[in-house]
Amino acid sequence: MSRIAAETVEQVRSLGDRYKYGFVTDIESEQAPKGLNEDIVRFISAAKDEPGWLLAWRLEAFRHWRTMTEPNWAKLGIPMIDYQDAYYYSAPKQKEALKSLDEVDPELLATYDKLGIPLREQEMLAGVAVDAVFDSVSVATTFKAKLEEHGVIFCPISEAVQKYPDLVRKYLGSVVPYTDNFFATLNSAVFTDGSFVFIPKGVRCPMELSTYFRINAANTGQFERTLIIAEDSSYVSYLEGCTAPMRDEHQLHAAVVELVALDDAEIKYSTVQNWYPGDENGVGGIFNFVTKRGACIGARSKISWTQVETGSAITWKYPSCMLHGADSVGEFYSIAITNNYQQADTGTKMVHMGPRSRSRVISKGISAGRASNAYRGLVKMLPGAGKARNYTQCDSLLIGSKCGAHTFPYIESQNRSARVEHEATTSKIDDDQLFYCRQRGIGEEEAVALIVNGFCREVLQQLPMEFAVEAQKLVGISLEGSVG
Amino acid sequence: MLEIRDLHASVEGQAILNGVDLSVGAGEVHAVMGPNGSGKSTLSYVLSGREGYAVDRGEVLYDGRDLLELEPEERAVAGLFLAFQYPVEIPGVGTMTFLRTALNAVRRSRGGDELDAMQFLRVVREKARALGIGDDMLKRALNVGFSGGEKKRNEMLQLAVLEPRLAILDETDSGLDIDALKIVAEGVNALRSPDRAMLIITHYQRLLDHIVPDRVHVLAKGRILRSGGSELAHELEAKGYAEILSEAA
């Protein structure tokens with residue numbers, strides 16, 4: 001029997017060695033009572049001192065949510081989620097509003113240090129501003145002053161609601177309406193924090209913006225909401241990262257991200273998703289149900305999604321582009337790695353409305369252990385999308401013989417001049433490649449990481465440089481124990 | 001350096017090697033010749049530890065150590081190198097990246113420092129030039145879209161960069177035109193040294209015009225049927241394997 005085909009579970013090193021973000025921070029927190037009802041929605045809104053219109057919006061969303069049922073079309077086995085058996089708000093206790101980073105609880109700073117995200121500006125990666133979201137609230141945002149010099153707004157969305165209510169009110173829900181889908185609607189009712197970015201006309205954001213999400217509290221869902229607006233001829237590159245402690249029970253993460261690009265604007269949105277995936281027997285892990293959508297409103301605008309999905313027990317996520325503008329461009333570059341009992345159903349939607357709009361989809365799915373990995377993508381050419389083009393390439397790589405890979409491409413064209421191309425491949429890491437590497441002195445796990453990184457290269461190249469190296473390492477770590 | 005004693009090996013239950021004895025000393029170059037299906041490639045795979053090649057009897061000592069109990073990568077870092085008859089393509093992995101990963105793995109295991117990017121580049125460029133390998137080829141994914149000759153030269157480049165103590169060349173001459181053959185032979189000759197041994201596995205004598213071996217062995221029916229000096233290769237070229245095979249029958 002070949003080495004790869006030999007099943008691995010007993011040889012898999014304990015996952016604790018591999019998921020190095022699995023620790024818990026001992027910090028006092030304030031929580032809303034367990035469960036979900038209108039009072040909880042009011043509690044969250046009051047905790048954030050929100051204006052009436054936002055509370056009304058949340059309540060409409062909540063009432064709508066109660067009429068909805070969970071989607072079941074994805075190729076996922078989702079255990080029953082008891083939405084009443086979770087906390088919807090958890091915030092680290094702090095006395096007053098922070099004036100500077102010096103006032104951030106040292107325990108929190110230490111947590112982010114341990115995660116490799118130092119929040120003290122002098123220690124940070126040059127050229128990356130960070131918003132740190134801990135459970136339900138943002139605890140720190142760096143480089144705000146420097147960004148403000150350029151007119152760039154980068155702050156927690158709860159702060160934006162207070163300071164820039166008109167902008168928030170205009171764009172919140174404009175791309176993902178509160179009626180959109182079960183999880184997005186839930187998020188609209190109970191979202192707690194997230195990042196807000198506004199790049200004014202003609203400004204090229206002088207640094208990478210990054211939000212780092214951390215779930216800490218037990219039995220708590222995380223519902224963050226991110227809104228990025230790029231005015232005419234502006235540019236921004238934004239990256240989000242996420243981790244969570246190892247816990248035996250599942251935790252729900254249902255985020256919404258909305259991007260708006262006006263004429264000639266470009267938004268590059270990268271994700272390195274490393275939520276706790278559960279252990280090697282499938283116990284615990286985050287349920288990651290996320291709605292991400294960008295609207296290329298303006299002519300020649302561009303939105304590019306890059307995602308490296310290595311974590312979570314279940315991932316349900318389809319970052320999409322609504323290509324309204326003439327000559328607008330949508331891109332989706334994805335690496336999804338599932339190992340052990342992880343499940344992922346991920347892909348994109350490219351909805352072409354503007355003439356000559358173009359989209360490009362490169363998806364790399366890697367499946368190991370007993371994991372399941374599905375690509376689901378929709379390319380839709382509406383009547384206005386004359387001469388629009390799409391190119392989709394979907395590659396799956398299997399490691400071992402107990403995992404699965406599936407591709408579900410949906411193509412709808414209502415315009416005869418539009419062109420859609422779809423290519424798909426499925427392959428296995430073969431024994432020849434592995435032996436060749438080992439004969440050159442490269443150990444088995446390093447060889448797998450090398451081969452998989454090669455397989456993902458087109459996507460890894462899209463990441464900002466500061467994060468590409470980390471992502472490469474993550475690819476290796478996620479697959480540790482997948483051969484042996 | 002290498003002692004093979006009464007080696008019996010099989011693939012999927014079928015006996016391929018039936019008692020091979022072979023001894024290669026440091027500084028020596030040995031050629032193993034034989035007709036198709038004689039077990040030449042099996043010998044190279046058993047020595048390098050490929051999965052699926054079962055050793056049924058006998059032993060192999062490498063510098064006095066039991067070679068057969070080592071994992072393939074342990075053999076490699078201990079200085080055993082196999083130039084593949086059919087080098088493998090690895091899409092997306094740059095030739096340079098692969099070389100550097102391999103070299104650093106070897107250096108680490110020998111307790112040395114990893115080379116930084118600049119040092120590494122200098123080493124590789126110099127060795128690549130000698131083999132007629134341009135920067136363009138180094139930038140491409142490992143062996144992907146390489147011609148047969150390019151793949152073989154790439155094997156020689158890895159050999160030159162990794163500087164093994166025992167190099168096994170499995171049918172390195174197949175698929176090479178005469179010019180490429182000369183370049184490869186020069187590369188191999190440049191690596192001959194008093195503390196490095198080589199085992200050249202080949203079907204034809206023509207490579208041995210350029211790399212003159214110290215000893216020539218005829219492997220057929222899974223055994224070494226005859227050994228001699230480099231003149232044996234010429235004799236085989238003239239007479240073919242039939243005579244030796246009938247002697248053994």
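Bear in mind that the values here come from a model prediction, so they are computed numbers and not experimental data. Labels below follow one simple rule: chain letters A, B, ... track the order of the sequence lines, proteins then strands, and each chain is numbered from 1.
- In plain terms, the two heavy atoms of B/T101 and A/E446 that are nearest each other are CG2-OE2, 3.3 Å.
- Closest of all the heavy-atom pairs between B/A105 and A/G441 is CB-O, 3.2 Å.
- Interface remark: B/L162 contributes side-chain atoms only to the contact with chain A (heavy atom separation under 4.5 Å).
- For B/R75, no part sits under 4.5 Å from any heavy atom of chain A, backbone or side chain.
- Paired with A/Q433 under the rule side chain to side chain contact (heavy atoms under 4.5 Å, CB included), one option of B/L142, B/V93, B/V88 passes, and it is B/V88.
- Note: A/Y436 and B/F98 have parallel aromatic rings, judged against thresholds of 30 and 60 degrees for the angle between ring planes.
- Of all heavy-atom pairs spanning B/E73 and A/E444, the tightest one is OE2-N, 3.9 Å.
- The candidate with the highest count of non-hydrogen atom pairs below 4.5 Å against chain A, out of B/L99, B/V77, B/L82, B/L103, is B/L82.
- The residue among B/T97, B/V106, B/L80 with the most heavy atom pairs within less than 4.5 Å of chain A is B/L80.
- Nearest heavy-atom pair across B/A76 and A/R438 is CB-O, 3.7 Å.
- By the 4.5 Å heavy-atom criterion applied to side chains, B/P72 and A/Q439 are not counted as neighbours.
- In this structure, chain A has heavy atoms under 4.5 Å from both the backbone and the side chain of B/P87.
- Heavy-atom distances place the backbone of B/E89, and not its side chain, under 4.5 Å from chain A.
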